[in-house]
Trainee: 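The structure under discussion is supplied below as structure tokens; questions concerning it will follow.
All values below were derived from every heavy atom in this structure, side-chain atoms included, with hydrogens, water molecules and symmetry-related copies excluded.
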Amino acid sequence: LGSLAGVVMELRDCAFPLVRNIVATADPDEAFSAVDYALLVGASPRGPGMERGDLLKANGAIFETQGKALNTVAKREKTRVLVVGNPANTNAMIASHNAPNIPAENFSAMTRLDHTRGLAQLAIKLNCSVADIERFVIWGNHSATQYPDVSHAKLNGKWIADMVDQAWLEKTFYPIVQKR
């Protein structure tokens with residue numbers, strides 16, 4: 001827990017007005033006791049020689065433990081859970097499955113970085129503000145298999161799919177969003 005003390009120090013230095021208490025612990029039951037919001041950021045990264053199955057097994061154990069603890073000690077139906085650790089969608093499903101007393105709709109997976117990366121690339125290509133782009137979505141986990149979908153996206157009421165060519169999507173857009 002030594003390095004966790006540095007994280008606590010940084011959070012205190014930020015002086016977030018809504019943060020009332022910080023609990024630094026390795027005990028999930030203590031960490032999630034009566035929480036309103038849980039941010040699950042502790043995923044294991046893929047190491048050298050690890051196959052995807054090895055990574056899913058390691059992360060599965062982490063998010064199973066966290067889901068069970070949330071189910072036992074959190075506010076249950078009021079608790080909101082945001083999973084950040086990749087593959088975020090899979091890890092959110094594992095945590096949710098192990099927390100049956102928390103409604104599934106209270107779990108979210110944060111693929112927001114992929115989404116905003118896609119918005120930024122579209123805005124650059126179309127010479128517009130990201131605020132002008134609507135209905136752009138990312139499907140799937142944070143990986144090279146995710147699908148940045150422009151088929152429903154609009155810019156000022158016009159279909160973005162009609163404004164960009166397939167070659168740019170395949171050679172530039174998809175690789176940047178999926179792999180960066």
Side-chain angles (χ1 to χ4, degrees), residues 1-120 137-149 174-180:
L1 292 178
S3 60
L4 189 54
V7 174
V8 171
M9 181 181 68
E10 292 292 333
L11 287 170
R12 287 185 176 140
D13 287 350
C14 290
F16 294 117
L18 297 179
V19 174
R20 300 285 184 251
N21 187 28
I22 299 169
V23 177
T25 181
D27 177 3
D29 287 338
E30 181 182 7
F32 298 131
S33 180
V35 298
D36 293 300
Y37 299 93
L39 307 177
L40 307 185
V41 299
S44 178
R46 186 181 290 195
M50 272 182 107
E51 297 294 327
R52 183 170 170 79
D54 299 327
L55 182 63
L56 290 173
K57 186 176 180 181
N59 281 323
I62 292 168
F63 288 89
E64 176 183 359
T65 298
Q66 292 176 339
K68 287 179 179 178
L70 284 163
N71 195 60
T72 302
V73 300
K75 290 184 178 176
R76 296 186 181 98
E77 67 279 346
K78 294 182 178 182
T79 299
R80 302 293 189 264
V81 182
L82 175 64
V83 177
V84 178
N86 286 316
N89 294 358
T90 302
N91 292 338
M93 186 273 306
I94 293 168
S96 175
H97 178 77
N98 285 281
N101 293 329
I102 299 174
E105 61 268 16
N106 290 12
F107 284 80
S108 296
M110 191 170 106
T111 54
R112 184 65 183 192
L113 178 59
D114 301 318
H115 181 260
T116 54
R117 183 180 299 122
L119 283 173
V137 296
I138 299 281
W139 302 104
N141 272 321
H142 172 79
S143 71
T145 61
Q146 69 176 238
Y147 182 65
D149 187 357
Y174 297 151
I176 287 174
V177 177
Q178 294 170 334
K179 298 176 184 176
R180 188 156 76 184

Trainee: Is there side-chain contact between N91 and L40, with at least one heavy-atom pair below 4.5 Å?
Mentor: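 N91 vs L40: side chains apart.
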Trainee: Determine the minimum heavy-atom distance between S44 and L55, stating which atoms define it.
Mentor: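 Of all heavy-atom pairs spanning S44 and L55, the closest is O-CD1, 2.9 Å.
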Trainee: Compile the donor-acceptor pairs under 3.5 Å between side chains in residues 6-25 and protein atoms, sequence neighbours left out, one pair per line.
Mentor:
| unit_1 | atom_1 | unit_2 | atom_2 | d |
| --- | --- | --- | --- | --- |
| R20 | NH1 | P17 | O | 2.6 |
| T25 | OG1 | D27 | N | 3.0 |
| T25 | OG1 | E30 | OE1 | 2.8 |

Trainee: Is it true that a side-chain atom of D149 and a backbone atom of V137 form a donor plus acceptor pair closer than 3.5 Å?
Mentor: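 No, because the side chain of D149 does not come within donor-acceptor range (under 3.5 Å) of the backbone of V137.
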Trainee: Measure the spacing between CG of N98 and NZ of K68 and express it to the nearest 0.5 Å.
Mentor: 5.5 Å
Trainee: Give every donor-acceptor pair under 3.5 Å between a side-chain atom in residues 99-108 and any protein atom, sequence neighbours left out.
Mentor:
| unit_1 | atom_1 | unit_2 | atom_2 | d |
| --- | --- | --- | --- | --- |
| N101 | ND2 | N71 | OD1 | 3.3 |
| N106 | ND2 | E77 | O | 3.1 |
| N106 | ND2 | T79 | O | 3.0 |

Trainee: Restricting to pairs with a member in residues 32-45, which pass salt bridge (charged side-chain N to carboxylate O under 4.0 Å, His left out), not counting sequence neighbours?
Mentor: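 Listed by first then second residue: D36-K75.
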Trainee: Taking all non-hydrogen atoms of both residues into account, name the closest pair between A69 and F32 and its distance.
Mentor: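 Closest pair (atom of A69, atom of F32, distance): CB-CD1, 3.8 Å.
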Trainee: Tell me the closest heavy-atom pair linking P148 and V177, and the distance in Å.
Mentor: CG-CG1, 3.7 Å
Trainee: The criterion is ring-ring contact (aromatic ring centres under 6.0 Å, His included); which residues satisfy it with Y147, sequence neighbours excluded?
Mentor: Y174
Trainee: Quick one: list whatever passes side-chain hydrogen bond (donor to acceptor under 3.5 Å, both in side chains) with T145, sequence neighbours left out.
Mentor: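 T145 satisfies side-chain hydrogen bond (donor to acceptor under 3.5 Å, both in side chains) with S143 only.
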Trainee: If I compare all heavy atoms of A109 with all of L82, which pair ends up nearest, and what's the gap?
Mentor: C-CD1, 4.4 Å
Trainee: Just one of L39, V84, V83, V41 clears the side-chain contact (heavy atoms from CB on, under 4.5 Å) bar with M110, so which one?
Mentor: V84
Trainee: Just jot down the side-chain hydrogen bond (donor to acceptor under 3.5 Å, both in side chains) partners of Q178, sequence neighbours excluded, or say none.
Mentor: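 Scan of Q178 (side-chain hydrogen bond (donor to acceptor under 3.5 Å, both in side chains), adjacent residues dropped) gives none.
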Trainee: Could you tell me which non-hydrogen atom of N89 sits nearest to which non-hydrogen atom of G140, and how far apart they are?
Mentor: ND2-O, 3.0 Å
Trainee: Between D114 and R117 (salt bridge meaning N to carboxylate O under 4.0 Å), is one present in this structure?
Mentor: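 Judged by the 4.0 Å cut-off on N to carboxylate O distance, D114 and R117 do form a salt bridge.
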